[in-house]
Amino acid sequence: MRLGLLTLPVAFFAAFFAYPVAAIVGRGLKVDGVWQFGRIGEVLGDPDITDVLWFTTWQALASTGLTLLIALPAAYVFARLDFPGKQLLRAVITVPFVLPTVVVGTAFLALLGRGGLLDELWGVRLDTTVWAILLAHVFFNYAVVVRTVGGLWSQLDPRQEEAARVLGAGRFAAWRRVTLPALVPAVAAAALMVFLFTFTSFGTVQILGGPAYSTLEVEIYRQTAQFLDLPTAAVLTLVQFAAVGAILAVHAWTVRRRESALKLVDAAQTSRPPRGAGQWALLGGVLATVVLLILVPLGVLVERSVDGPDGYGFGYYRALQSAAASGGTFLVPPLEAVWNSLQYALAATAIALVVGGLAAAALTRRAGRLVRGFDALLMLPLGVSAVTVGFGFLITLDRPPLDLRTSWILVPLAQALVGVPFVVRTMLPVLRAVDARLREAAAVLGASPLRAWREVDLPMVRRALLVAAGFAFAVSLGEFGATVFIARPDNPTLPVAVARLLGRAGDLNYGQAMALSTILMVVCAVSLLVLERMRPDRSGSGEF
């Protein structure tokens with residue numbers, strides 16, 4: 001039964017992930033059918049590549065440390081304090097995580113770049129500096145720490161810390177000896193996920209870093225798309241693959257440790273209104289951070305989209321209706337990218353739900369080492385170079401039986417690769433919570449496995465399925481790394497359209513990029529708010 005459920009997910013990942021990545025590596029490191037492993041040493045010995053590896057690593061470490069420093073107080077506030085507007089604020093801080101990295105880069109460009117808010121007020125520009133990259137990474141990953149750490153923190157029994165204080169420990173000593181050790185696995189899991197996302201950063205670094213800064217992902221794109229140097233791109237892909245595999249292995253270990261080592265209570269029992277000046281000050285500080293870090297960049301993005309040469313208005317939005325207004329950047333009106341993106345994202349969501357749902361169902365019961373290994377494989381598309389996958393699609397899916405290079409389905413397939421991990425991670429905890437005895441009772445009464453799933457599992461997981469669909473839709477809508485290679489010029493997606501507009505000089509192109517980014521932000525935000533209303537009460541599960 002389990003192997004039957006895994007057949008489609010395994011075939012999907014083999015055909016649309018493993019095969020394209022392996023093909024790129026093979027083309028780069030094979031000459032006349034002979035592997036040229038010496039090329040690895042040559043590439044890694046190049047000082048320019050060494051600088052890229054060093055920058056990729058240290059900026060990821062710095063981004064992770066800064067995110068933890070800024071987000072951990074918010075994790076406490078959401079876990080322990082109850083205040084008006086808490087659910088709305090939780091949704092607001094999650095908006096950046098589902099935004100495409102292109103939009104994040106564009107928002108900070110409007111805030112920190114040429115003609116941005118800081119430039120106009122104080123003559124300060126931070127674009128093409130590492131500070132812009134670090135701030136954008138904190139903006140993007142703030143919710144990862146708040147959700148992951150705050151979710152567990154809200155379920156830790158506060159009476160354990162209170163008992164330590166009764167026995168004579170001070171407030172800080174009780175927290176350090178009782179609460180902190182219980183939080184360490186969640187903090188480690190959050191840190192590893194932030195490190196993964198920043199280590200593989202692409203759109204944000206490409207827009208804000210300029211030519212001076214390049215991560216592995218950006219360098220793979222340059223070597224592939226600009227220099228056509230497949231050997232160097234192949235080596236960098238292998239390096240990133242190894243790094244991501246190690247990160248995911250450590251992350252899986254921390255998650256298992258967190259799940260098995262703690263006794264949790266109902267999250268609703270642990271939060272209460274702020275008491276004392278300290279808690280009120282902390283709440284105020286978190287609210288100020290959310291305003292400055294999240295709302296201001298998004299607000300500036302919206303403001304720039306309506307700030308035209310003749311004053312405020314919707315001129316840039318109207319210009320999106322004409323291909324001629326883009327100065328030859330597009331073969332079709334840029335506004336068509338909205339409809340293209342929605343169609344692609346809906347198709348990608350359907351694919352991700354089928355593949356991810358089957359994989360989650362197969363992983364529900366106790367699994368052997370082989371199945372657990374496939375569980376880890378499902379997470380690899382989040383970290384392995386999307387640029388490599390996209391270019392791999394072009395060179396592998398161009399002959400029967402998978403001659404898809406001119407087919408519209410190519411884009412949704414690439415987007416679904418990113419959506420599947422979110423579907424699995426959302427549905428798996430809920431499926432595991434279903435009492436297996438209910439399935440057994442249905443089988444005893446003569447129900448087939450399919451009918452037992454329809455009558456027992458589906459009613460319980462329907463809500464989680466909708467949440468998974470929401471996440472898959474949002475991340476598919478914003479996928480950029482692979483789509484930039486395979487989206488046709490006459491059918492651009494929103495992120496690709498934004499990047500193309502930003503790549504051309506002129507205030508009109510810049511304004512249209514801001515307008516398209518605002519549209520994409522609104523669509524993602526609406527999807528998230530709907531998702532929050534459907535979301536089951538599992539805030540303490542520790543799952544993002």
Side-chain angles (χ1 to χ4, degrees), residues 9-10 12-30 35-46 49-50 52-61 64 101 192-203 205 214-225 229-253 370 372-397 413-414 416-421 424 479-485:
V10 169
F12 178 79
F13 274 84
F16 302 116
F17 179 69
Y19 179 42
V21 172
I24 286 290
V25 173
R27 287 209 177 190
L29 296 182
K30 263 187 174 183
W35 288 97
Q36 304 293 322
F37 292 111
R39 182 61 177 161
I40 297 177
E42 295 175 10
V43 172
L44 297 182
D46 186 334
I49 298 300
T50 303
V52 170
L53 293 172
W54 169 240
F55 174 74
T56 301
T57 303
W58 83 255
Q59 66 82 25
L61 289 171
T64 302
T101 56
L192 284 166
M193 290 307 294
V194 173
F195 184 85
L196 172 65
F197 291 135
T198 53
F199 186 83
T200 58
S201 184
F202 176 51
V205 176
S214 177
T215 57
L216 267 175
E217 187 80 354
V218 174
E219 191 62 26
I220 291 171
Y221 174 78
R222 289 177 181 172
Q223 296 294 335
T224 302
D229 187 350
L230 289 186
T232 299
V235 172
L236 296 181
T237 296
L238 289 176
V239 171
Q240 185 166 314
F241 186 86
V244 168
I247 295 169
L248 290 177
V250 176
H251 177 262
W253 176 78
L370 181 62
R372 288 198 302 269
F374 183 69
D375 187 14
L377 176 65
L378 292 172
M379 294 291 290
L380 283 178
L382 292 181
V384 172
S385 173
V387 171
T388 300
V389 174
F391 193 64
F393 270 34
L394 290 182
I395 68 172
T396 58
L397 304 181
L413 286 171
L417 281 171
V418 184
V420 168
V424 174
E479 204 288 321
F480 176 63
T483 308
V484 71
F485 277 95

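Every value quoted in this text rests on a predicted model; they were computed, and no experiment measured them.
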- Message: List the residues meeting side chain to side chain donor-acceptor pair (under 3.5 Å) with E219, not counting sequence neighbours, and say none if there are none.
- Response: S214, Q223
- Query: Residues in side chain to side chain contact (heavy atoms under 4.5 Å, CB included) with V389, at least two apart?
  - Reply: F17, V21, F393, L417
- Closest non-hydrogen atoms of A234 and G28, given as atom of the first, atom of the second and distance, are CB-CA, 4.0 Å
- Show the numbers, then the answer: is there a side chain to side chain contact (heavy atoms under 4.5 Å, CB included) between V420 and F13? CA-CA 10 Å; V420 168; F13 274 84; 3.9 Å; yes
- Quick one: side chain to side chain donor-acceptor pair (under 3.5 Å) partners of T483, sequence neighbours excluded? E479
- Ring geometry between W35 and F37 (parallel below 30°, tilted from 30 to 60°, perpendicular above 60°): parallel
- By ring-ring contact (aromatic ring centres under 6.0 Å, His included), F199 pairs with (sequence neighbours left out) F195
- Item | Atom pair CG (L236) and OG1 (T56), whose distance is rounded to the nearest 0.5 Å | 9.0 Å
- Among all residues two or more places apart in sequence or in another chain, which pass the ring-ring contact (aromatic ring centres under 6.0 Å, His included) test with F485? Y221, F391
- Query: Which pair of non-hydrogen atoms, one from Q240 and one from T200, has the smallest distance, and what is that distance?
  - Reply: NE2-CG2, 3.6 Å
- Note on the structure: Taken in chain and number order and not counting sequence neighbours, the residues that satisfy side chain to side chain contact (heavy atoms under 4.5 Å, CB included) with T101 are F140, T204
- Backbone N/O of L44 and side chain of T50: donor-acceptor pair under 3.5 Å: yes
- The side chain to side chain contact (heavy atoms under 4.5 Å, CB included) partners of E42 (sequence neighbours excluded) come to R39
- Just wondering, do L29 and L238 contact through their side chains at under 4.5 Å, heavy atoms? yes
- Task: Identify, with sequence neighbours excluded, every residue that meets side chain to side chain donor-acceptor pair (under 3.5 Å) alongside T396.
- Result: none
- Would you call T232 and D46 a side-chain contact if the rule is heavy atoms closer than 4.5 Å? no
- Message: Looking at every non-hydrogen atom in both residues, tell me the closest pair between A414 and A482 and how far apart they are.
- Response: CB-CB, 4.1 Å
- Nearest-0.5 Å distance, CG of residue L216 to CZ of residue F202: 12.5 Å
- Query: Quick one: side chain to side chain donor-acceptor pair (under 3.5 Å) partners of T198, sequence neighbours excluded?
  - Reply: none
- Message: Quick check for you: to the nearest 0.5 Å, what is the distance between L230 atom CG and I395 atom CD1?
- Response: 6.5 Å
- Passing candidate, side-chain contact (heavy atoms from CB on, under 4.5 Å) with T215, options L53, V205, I220: V205
